[in-house]
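Since the structure comes first, as structure tokens, the remarks are kept for the end.
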Number of protein chains: 2
Amino acid sequence: MTAQPWESRQPARARVLETATRLFYTEGIHSVGIDRIIAEAGVAKATFYRHFPSKDDLVRAYVVEQSSWQRAAVAGMPTASPRAKLEAIFTLMCDFGAGPDYRGCAFVNAAAEYPDPAHPVRQAIADHRRWLRDLYRELLTGEGHPDAERTADMLMLLRDGLSVGLDLDDPVRVRAAVEETLAAVLGRGSAMSEQGTTAGRR
Amino acid sequence: MTAQPWESRQPARARVLETATRLFYTEGIHSVGIDRIIAEAGVAKATFYRHFPSKDDLVRAYVVEQSSWQRAAVAGMPTASPRAKLEAIFTLMCDFGAGPDYRGCAFVNAAAEYPDPAHPVRQAIADHRRWLRDLYRELLTGEGHPDAERTADMLMLLRDGLSVGLDLDDPVRVRAAVEETLAAVLGRGSAMSEQGTTAGRR
DNA sequence: CCGAGAGTAGACAGACCTGTCTGGTAGCGT
DNA sequence: ACGCTACCAGACAGGTCTGTCTACTCTCGG
């Protein structure tokens, strides 16, 4: 009875990481135990601990994987002008944040559960944020923005704000405020377009 | 040996709440157990459970108390113009966030550990955020701002962004970006003054 | 003086946590 | 056919969690 034709399924490590990602994101990290993860992933405990020597390693892998997803998503976006790309990134975040499963930014939430800045999980979060800020800065530079450094920091502020607000406040109002702020920060070239999933207005 | 002259000390409930506030904020909520709190507060377990029927009640009291602090802090600020008051509020947040003990926004962090929006803790957080947005809106209205509703939402974005950024990124750069964004959102009347604790520039 | 109220100290129950270990099975390369 | 690797199932240890309970002490109002 044991060990079905599991070539059909994903390999154990991927199943664990997928399950952990879902549970960590929707329920929080400290609230989800190993037993629950291996049960829902259909994986034996020994197998889990072979792939992830400790729970913290799993958490770190979760954060790193989230970062990889986002990098891939950005890399796979249609290459329009830098400005259009920036606006598309923020539109995408607003769309995602308006969905029913949205639970805030995975990195911010993880950081809230790992206070120590020297912890590997925090390091992974810091890596992601460095990448993100560099992305903003390069897009701004590519657009010929006169103060890409400062403006990239402002976009980080906006990004963090919308991550939190979409979770805790009314997403429709947050979205409108994001569009307005983005226009104010980037200068009113072409306002963030109207193709959002939720009808724009207010 | 038991029961010293504890009229000199704070009463038990206050000691518990004070200890819990410190530990919850600096180490996270799920990471801190009841045993630790009562030990550091110097309170018996039975006493604790008389004042707080469950840990969640304590957590809720922690959130409510944080909210009270902030309301009192705002109420106790010198009453200048609404605009000056707004700028002072953001300056205060930046000053606080530049300190070594800063660990992010207590409400955002707590929300990260309580995913269920119907949970009493989340309700308390929502109450605080409603108060905060109303405060922004009223100050903007008092200043005669043409679109206080929308701008209040933008200030919420900025507030959440700086709460996160001051914890996870370089506080000096975040502060500069906050000043810039605030000026952009509020319109360049009088830029946020230079009296910060950390030297302004970049 | 005496009883009520608030507090202290600590044992205890039952659940859950991480992490280890044993033992068995399925598939693959050689 | 053989061994290697990856996996499954589950028991187990040792600790920690929340919450309950017993037994005692101190203080104060009446």
Side-chain angles (χ1 to χ4, degrees), chain A residues 1-24 26-63 110 113-116 119-121, chain B residues 1-24 26-63 110 113-116 119-121:
Chain A
M1 49 181 60
T2 76
Q4 300 105 312
W6 39 303
E7 305 108 32
S8 59
R9 306 189 285 170
Q10 269 184 311
R13 196 195 129 98
R15 256 152 47 219
V16 167
L17 194 48
E18 188 182 5
T19 305
T21 296
R22 175 171 52 84
L23 294 178
F24 285 163
T26 59
E27 303 189 22
I29 295 173
H30 290 326
S31 303
V32 176
I34 295 294
D35 284 344
R36 173 103 180 277
I37 292 170
I38 65 171
E40 298 203 14
V43 154
K45 206 169 228 188
T47 304
F48 169 82
Y49 276 102
R50 175 132 33 98
H51 289 296
F52 304 98
S54 77
K55 185 184 177 180
D56 274 3
D57 288 278
L58 173 63
V59 175
R60 184 168 212 281
Y62 154 65
V63 171
E113 299 204 54
Y114 285 84
D116 179 9
H119 193 286
V121 169
Chain B
M1 47 182 62
T2 77
Q4 302 104 312
W6 41 302
E7 305 110 31
S8 58
R9 305 189 285 168
Q10 268 186 312
R13 197 195 127 98
R15 253 154 47 219
V16 167
L17 194 49
E18 188 183 6
T19 306
T21 295
R22 175 172 51 84
L23 293 177
F24 285 163
T26 58
E27 302 190 20
I29 296 172
H30 290 327
S31 304
V32 175
I34 295 295
D35 285 345
R36 173 102 180 277
I37 293 170
I38 65 171
E40 297 203 15
V43 155
K45 207 169 226 185
T47 305
F48 170 82
Y49 276 102
R50 180 161 10 178
H51 289 296
F52 304 97
S54 76
K55 185 184 176 180
D56 274 3
D57 288 276
L58 173 63
V59 176
R60 185 169 211 283
Y62 155 64
V63 170
E113 298 205 55
Y114 285 84
D116 179 9
H119 193 284
V121 169

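Keep in mind that this is a model prediction, so the values were computed, not measured. Order of the sequence lines sets the chain letters (A, B, ...), proteins ahead of strands, with each chain counted from 1.
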Legend entry - Residue list, ring-ring contact (aromatic ring centres under 6.0 Å, His included) with A/His51, at least two apart or on another chain: none

Inset, instruction - Mark yes or no for whether A/His30, through its side chain, and A/Glu113, through its backbone, hold a donor-acceptor pair below 3.5 Å. - result: yes

Inset, instruction - Please list, chain by chain and in numerical order, all residues satisfying salt bridge (charged side-chain N to carboxylate O under 4.0 Å, His left out) with A/Arg13, sequence neighbours excluded. - result: none

Legend entry - Bend angle of the helix from C/dC1-D/dG30 to C/dT30-D/dA1, from helix axes over five pairs at each end, nearest 10°: 0°

Inset, instruction - Report the distance from atom CZ of A/Arg36 to atom C1' of C/dA15, rounded to the nearest whole Å. - result: 16 Å

Inset, instruction - I would like to know whether B/Leu58 and B/Ile37 meet side-chain contact (heavy atoms from CB on, under 4.5 Å); could you show each step before the answer? - result: CA-CA 11 Å; B/Leu58 173 63; B/Ile37 293 170; 3.8 Å; yes

Legend entry - Closest to the A/Val43 side chain, choosing from C/dA9, D/dC8, D/dC7: D/dC8

Inset, instruction - Remember a base hit wins even if backbone is also touched, and classify A/His30 as base, sugar-phosphate or nothing at under 4.0 Å, heavy atoms. - result: nothing

Inset, instruction - Using the closest heavy atom to pick a nucleotide of DNA chain C for each, name whichever of A/Gly33 or B/Ala44 lands nearer the 5' end. - result: B/Ala44

Inset, instruction - Give the rounded distance in Å between these two atoms: CZ of B/Arg15 and C1' of C/dT8. - result: 10 Å

Legend entry - Between C/dT18 (C1') and A/Phe52 (CZ): distance, integer Å: 16 Å

All N/O contacts under 3.5 Å from nucleotides 19-23 of chain C to the protein, with atom names and distances to one decimal?
from   : atom 1 : to      : atom 2 : distance (Å)
C/dG19 : OP2    : A/Tyr49 : OH     : 3.4
C/dG19 : OP2    : A/Lys55 : N      : 2.9
C/dG19 : N7     : A/Lys45 : NZ     : 3.3
C/dG19 : O6     : A/Lys45 : NZ     : 2.6

Inset, instruction - Scan for salt bridge (Lys or Arg N to Asp or Glu O under 4.0 Å) pairs involving residues 41-55 of chain A, sequence neighbours excluded, and state none if there are none. - result: A/Asp35-A/Lys45

Legend entry - Minimum heavy-atom distance between B/Pro115 and A/Gly28, given as atom pair plus value: CG-N, 4.4 Å

Inset, instruction - For A/Glu18, check salt bridge (charged side-chain N to carboxylate O under 4.0 Å, His left out) against everything at least two apart and list the hits. - result: none

Legend entry - d(CD1, B/Ile38; P, C/dG7) in whole Å: 14 Å

